[in-house]
Amino acid sequence: MGLKKRSRRGVQDEKKERELKRKTSSFQDEYNSSKYVDEEILKDQNEKEELEQHLRERDSAKTRRFAERKKVSRNSNAAKDNEDVETLRKVSRQEYLKKREEKKLQELRDYIEDEHYLFEGAKLSEVEYCDLRHKKETYNILSKKELLKSVHNEYRIPEAFDDRNGVINQEKRFSVAMQRYTDPNTEKEEPWEEHQIRKATLKFGSKNKRRESDDYQFVFEDHIDFIKAFVMDGDKSDFEEEIALEKSRVKRSVLEALQEERKKLPIYSFRDELLQAVHDHPVLVIVGETGSGKTTQIPQYLHEAGYTKHGRMIACTQPRRVAAISVASRVSQEMGVKLGHEVGYSIRFEDCTSKKTILKYMTDGMLLREFLVQPQLESYSVVMVDEAHERTLSTDILFGLVKDLAPARPDLKVLISSATLDAEKFSNYFDLAPIFKIPGRRYPVEIHFTKAPEANYLDAAIVTTLQIHATQPPGDILVFLTGQEEIETVEEILKHRMRGFGTKIADLIICPIYANLPTELQAKIFEPTPEGARKVVLATNIAETSLTIDGIKYVIDPGFCKMKCYNPRTGMESLLVSPISKAAAKQRAGRSGRTSYGKCFRLYTAYSFLNDLEDNTAPEIQRTNLGNVVLTLSCLGIENEKLFQFEFMDPPPVEAITKAVELLYAQNALNVGGKLTKVGRRMAEFPLDPMLSKMIVASEKYKCSDEVISIAAMLSVGNSIFYRPKDKQVHADNARMNFHTGNGGDHIAHLNVYNSWKESNYSTRWCYENYIQVRSMKRARDIRNQLAGLLERVEIELTSNSNDLDAIKKSIISGFFPHSARMQKNGSYRMVKNLQTVYVHPSSGLTKVLPRLVLYNELVLTTKEYMRQVTEIKPEWLLEIAPHFYNPKHFEELSSKKTQWM
DNA sequence: GAGCACTGC
C-alpha cells in the first residue's frame, strides 16, 4: 500500500516539477524579450513560489521518513511495530549483510592461508607485509565479534583524494592546490594574515563522530609494550595563571596588557640580577628553556638599561629566518613602535631596518656577513647569540670570531643563550664565563620506552600510532620519520588500515609534512582537528625545531634521522640514516608538552637510550665542506697557520681545512703566501661555494656573466627544481628532457629552465606544466637578483652571450676544473685526478649520451658514487684553463684510445 | 634507472 501511494505521489511531483520547469523557462524567455506586464510576472512568481514551497515540504517529509526508517533499522526491537514492508526490507538486508559478512570472512580465511603458504621463500614488500597483517587482524576482530555493524557504511573522509583501493589521485589532489594559480592575476603571494585567518576558520567536512570503543575492544595481534620511564619536568601552574591573565587582558589597552604580560614571564624576576651580571662580565652564558622569554626580553632590558646609547645597536641572532621576523615583530609590538624603526630585522633578501634601529634581530649567517664589512662590529654594543645549542655552521664560526674579537673590543658585551645541556661547554670555551640560569615553562612529558628492541621501526611506529588512537584520550600524534619516502609509505599503510576499521574507530587525519612538500599541502597540518577525530602528523626533522604544531600530545620517536656527512678525502657527500642523539631525543619529546601534559613513546629501549645514543649530535662544522668557511675566514685575515689555530669550539677535521685551502689555492684565490688574492677577495663577496663564486668571477673574461649567474643561482637552490610525482614519472621525465635539447649538459639545461621561466613571465602555471617547483624557481630568481647586485659591487659587467655555449662552459670549468671525470670502457667514469670510479646520476640528461670527458657539479654517495649535474667538456679546455692542475699526460688515453681501463 | 633530512648567506 504504502509503496504504491508513494510512487503515485512521486509521479504527481514529477509532473509538477516539469510544469514548474516549463513555466520558469518560458517565463524567463518572455521576460527576456520584455513583452510581459508586471502583473503577469507577479502572478507567475507567486505560482513559482507556491510550487517551490510544495517541493520543499515534500522533500522534508521524505527526509523525515528516511530518518525514521533508519532509526528503526538501528533498533531491532522496534521492528515489530512497523509496517510489513519495512520489516521485510530490514530482514532481507540483515540476511544480505550476513551473507556478505560470511563471504568476506571466507575470503579473508582463504587469503591468509594462501599468504601463509606463499610466505615461505617469498619476500614481501613493506606494504604487502603490513597488508597481510592487517587482514589477519581484521579477521580476528570479525571472527570474534558480531559482524553486522562493521561492514556497511564504510566511512570515508570527505575530500580525501584517493579512491577506495588506496590509489592516490595525484591529479585531483593537485588540481585543488593549483586552483590558486589558475588566474594569472592572483599569482602574487597572498598576505600571510589572510591566509592564516582562512586556515583558522576553515571547517572540516568530517562528522563529529561518537567513539564506540565501549562496544569493541580491538585485538591487535602485534602490540608493543611500553614502560613508563620517567616524567620530564615541567611547570604547569604558570600556564594557568597566564590563561587567566589572557582572559582579563581583553578589556585593557593592548600595550598596557603587553607590558603586564611581560612581567609575568619567568625572566622578569631575574631582570636586575641579569643586568648586573651583564655589567660585570664581558661574556655571559644564559640557560633558559623555551618559553622563558629570553629572546624577546633580554634585548629590551638591555635597551632600558642604556646599552643602546651613543647610537650603538643590540644584535640578536637566530638560526632561522622566520624566527628572526616573528620575534622582531613581537618585540616591536611590546615596545609600541613600528617594525623596522627602533626594532628591525635583517635576513637575506630582506633588510627591515632603518637608521633609527637599536634592536636588530638577524639570522646568524647575516651577522657573519657583517663581520666582513666591519670586522670590529663597531656599530654594536651587545651581541646575543640565541639558540646556540643548535650549533649551526654560522654560530660556530661566530663563536670563534667573537672570542677573537674580545680583546680588541672590551666594551662589547656577548651573550650566549642556549637551552640547557651544553652550558658548561660554552662556559669553558669562553674562558669560564658565568652561567645564568632562567627557569623554563613547560608541561611535563611522560617518557615511555619499549620493553624490548623493535626490529622494524616503521612497523612499530604504525602499530604504536593505532595503539594510541584506540586507547589514549584525544590529542594529536606526531611521528618522526627520516624522509619523504618513509612518510609516504607510512601514510599509505595507515590509510589502508584505518579503512579496514571502518566506522568503529574515530577518524584519523593523516598529515604528511616535509620541506619539499608543496606549500599548499603543507598548510594542512595547521588546520584545527575536528572534534571527535584525531590528527597524526608524519614529519621529518622539520618538526624538531623549525615548526611548531599546536595540539600535539603524543610523540612517537623511532630514534632515527638522516644526516649529511662529508668525506674531505674524496670530496663526497652522503646522506645517511643514523641514530639521533640524546639531546635530539629530548627535543623531540618536548614537542608534546607545549600546550598540555604530553606523552612520548620511544621505539627503543631505555638501555639503548643510555648506552647507544651519543649525548649530542656532531656539530655541522665537523661534517661539511669548509670551502666557504675558509674563504670567509681568509677574508677576515685568518689565513695560513692562523686558520689551523683558530679556536673552534669543536674543531673540524684538519683534512677538511687542508682540502679547502688546497682548492682555494688551485683556484688562484690564495697566493703562495696564503694571502687572499684579488680574485679571492672578489669571490668572498658572493655567498656561495667557492667553486660557484670562481665560476662567476671568471665569467667576466668570457663575457657571459648574465648566463653564469643564472646557472649559479639554479645550482645553489639545489636539487628540488624538478618535481616528479610518483604516478607521473614518465611525463615529468619527458618534460625535463625538453630542456636538454642539443645536449649541452645539465648546466645548460638549468639555464634553459631559468630562461624559459623568465620568458613565460615567471609564470606559476608554466612551472606546473613543466613539472617544475615554483618555490625553487622563485628562490633562484631571488638569488639571481642578489648575485646581479653583487656583480656590480665587484665591478663585473653584466654581459650576455647566450649563443656561445663554449664560453659558458669555459666559465664553469674555471670554477669546477677539479671535478672532471672521463669515461671508461664499461660506461662508468673515473676521476681524472684521483682515479676514483664514479657514475653519471640517472637524473642527468646525459645518462644515454655518456661523453668521453665530463665535468660535474657534485658527487653524492647513495647506492653508488654518482656525479650530479654533468656537462660534456673538451680536454683542451682543461689544459687551457687549469694548466697548473692538469698536464697533457692526463688525457693521452683519450686521444689514442689504446689503453683500456678495466 | 635513482632517490633528495634541515637550515643559512
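Each chain gets a letter, A, B and so on, in the order its sequence line appears, and its residues count up from 1.
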Starting the side chain at C-beta, find the nucleotide from [options] nearest to [X].
X        : options             : result
A:Arg779 : B:dA5, B:dG1, B:dC9 : B:dC9
A:Lys562 : B:dC4, B:dC9, B:dT7 : B:dC4
A:Pro842 : B:dT7, B:dA2, B:dC9 : B:dA2
A:Thr863 : B:dC9, B:dA2, B:dC6 : B:dA2
A:Arg321 : B:dC6, B:dC4, B:dG8 : B:dG8

Tell me whether the side-chain N/O atoms of [X] come closer than 4.0 Å to OP1 or OP2 in [N].
X        : N     : value
A:Thr540 : B:dC6 : yes
A:Ser394 : B:dC9 : no
A:Arg369 : B:dG8 : no

Quiz item: Does A:Phe686 reach the side chain of A:Val697, with side-chain heavy atoms less than 4.5 Å apart?
Solution: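 A side-chain contact exists here, since the closest heavy-atom pair is under 4.5 Å.
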Quiz item: Which residue, A:Arg591, A:Lys582, A:Arg588, forms the salt bridge (charged side-chain N to carboxylate O under 4.0 Å, His left out) with A:Asp557?
Solution: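 Looking at A:Arg591, A:Lys582, A:Arg588, the match for A:Asp557 under the salt bridge (charged side-chain N to carboxylate O under 4.0 Å, His left out) is A:Arg588.
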Roughly, in whole Å, what's the span from [atom1] in [X] to [atom2] in [N]?
X        : N     : atom1 : atom2 : result
A:Arg588 : B:dC6 : CZ    : C1'   : 12 Å
A:Phe349 : B:dT7 : CZ    : C1'   : 13 Å
A:Met362 : B:dT7 : CE    : C1'   : 17 Å
A:Ile347 : B:dG8 : CD1   : P     : 8 Å
A:Leu575 : B:dT7 : CG    : P     : 13 Å
A:Leu481 : B:dC6 : CG    : C1'   : 15 Å
A:Leu576 : B:dC4 : CG    : P     : 10 Å
A:Tyr866 : B:dA2 : OH    : P     : 5 Å

Self-check item: Partner set under salt bridge (charged side-chain N to carboxylate O under 4.0 Å, His left out) for A:Arg602, not counting sequence neighbours
Solution: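 Salt bridge (charged side-chain N to carboxylate O under 4.0 Å, His left out) list for A:Arg602, sorted by chain: empty.
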Quiz prompt | salt bridge (charged side-chain N to carboxylate O under 4.0 Å, His left out) against A:Arg775, all qualifying residues, sequence neighbours excluded | solution =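 A:Arg775 satisfies salt bridge (charged side-chain N to carboxylate O under 4.0 Å, His left out) with no residue once adjacent residues are dropped.
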Need one value for [X]: base, sugar-phosphate or nothing, where a base atom within 4.0 Å counts as base even if backbone is also close, heavy atoms only.
X        : value
A:Tyr514 : sugar-phosphate
A:Glu544 : nothing
A:Met563 : nothing
A:Arg391 : nothing
A:Arg348 : base

Exercise. Name the residue closer to the 5' end of DNA chain B, choosing between A:Ser720 and A:Gln786 according to the nucleotide with the nearest heavy atom.
Key: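 With A:Ser720 and A:Gln786 compared, the 5'-side residue is A:Ser720.
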Quiz item: When you check the side-chain N and O atoms of A:Thr871 and A:Asp746, is any donor under 3.5 Å from an acceptor?
Solution: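 No, because no side-chain N or O of A:Thr871 sits under 3.5 Å from a partner of the opposite role on A:Asp746.
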Quiz item: Angle class for the A:Phe609/A:Tyr604 ring planes (parallel below 30°, perpendicular above 60°, tilted otherwise)?
Solution: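 Ring orientation, 0 to 90° scale: parallel.
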